[in-house]
Amino acid sequence: VVALMLNSVVTIVGLVGGFLFSVFFQNVTPGAFVSGMTLLIDGRDVTFALSKAAIFGMCAGLIACYKGTSVGGGPAGVGNAVNETVVFTFMVLFAINVIVTAVGIQFTVQ
């Protein structure tokens with residue numbers, strides 16, 4: 001849930017920032033920005049981005065839960081489990097990103 005909310009906030013901030021930069025610094029009319037954006041982005045792209053965020057959040061949460069419940073060795077073991085969680089999550093999410101993006105491109109490219 002947090003990954004979906006964070007993805008939504010980042011997307012909205014990016015769109016607003018792009019709009020402000022285009023309109024005030026690049027002298028693009030607001031209508032041209034919106035019409036250009038609607039040519040490049042459709043509902044499938046938004047759904048794909050939200051799906052990736054949900055998959056990433058679920059995988060990161062599951063890895064963290066597993067590493068957290070299987071920790072041993074006292075405080076030093078907790079520190080090692082945290083480090084292992086971060087490294088393992090990064091590697092797994094990188095691999096998942098490659099696979100999901102390759103599959104998703106097949107559905108979003110027209």
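Computed from heavy atoms alone, side chains included, the values below leave out hydrogens, waters and symmetry copies.
A search for ring-ring contact (aromatic ring centres under 6.0 Å, His included) contacts involving Phe21 returns Phe25, not counting sequence neighbours. Phe19 is linked by a ring-ring contact (aromatic ring centres under 6.0 Å, His included) to Phe33, counting only residues two or more places apart in sequence or in another chain.
Criterion: ILVMFWY side-chain heavy atoms under 4.5 Å apart, direct or through other members. Under it, Met37 and Val46 are part of a common hydrophobic cluster. Residues Ile99 and Met58 fall into different hydrophobic clusters, defined by Ile, Leu, Val, Met, Phe, Trp and Tyr side chains chained together at heavy-atom separations under 4.5 Å. Side-chain heavy atoms closer than 4.5 Å link hydrophobic residues (I, L, V, M, F, W, Y) into clusters, and following such links, even through other members, never connects Ile12 to Val1. Hydrophobic clustering, with ILVMFWY side chains joined whenever heavy atoms are under 4.5 angstrom apart, groups Phe24 together with Val16.
With 3.5 Å as the limit, one finds no donor-acceptor pair spanning the side chains of Thr89 and Lys67.
Phe48 CZ: more than 12 foreign heavy atoms inside a 6.0 Å radius.
Between Thr29 and Val23, every side-chain heavy-atom pair lies at or beyond the 4.5 Å cut-off. Looking only at side-chain heavy atoms (C-beta outward), Val92 and Ile96 come within less than 4.5 Å of each other. Looking at heavy atoms from C-beta onward, Asn83 lies out of side-chain contact with Val87 at the 4.5 angstrom threshold. Looking at Leu50 and Ser8, their side chains come closer than 4.5 Å, going by heavy atoms from C-beta outward. Residues Asp42 and Asp45 form a side-chain contact, since some pair of their non-hydrogen atoms from C-beta on lies under 4.5 Å apart.
Note that OG1 of Thr11 is 4.0 Å distant from CG of Asn7, once rounded to the nearest 0.5 Å. Once rounded to the nearest 0.5 Å, the distance linking CG of Leu15 with CD1 of Ile41 reads 6.0 Å. Taking CD1 from Ile63 and CE from Met91, the interatomic distance works out to 9.0 Å, rounded to the nearest 0.5 Å.
Closest approach of Ala32 to Ser35, counting heavy atoms only: O-OG, 3.1 Å. Ala3 and Gly57 make their closest contact through CB-CA, 3.9 Å (heavy atoms, listed as atom of the first residue, atom of the second, distance).
With hydrogens and angles ignored, the 3.5 Å screen pairs no side-chain donor or acceptor of Thr101 with any backbone N or O of Val98.
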Would you please test Phe56 and Asn97 for side-chain contact (heavy atoms from CB on, under 4.5 Å) and show each step?
CA-CA 8 Å; Phe56 291 170; Asn97 187 35; 3.6 Å; yes
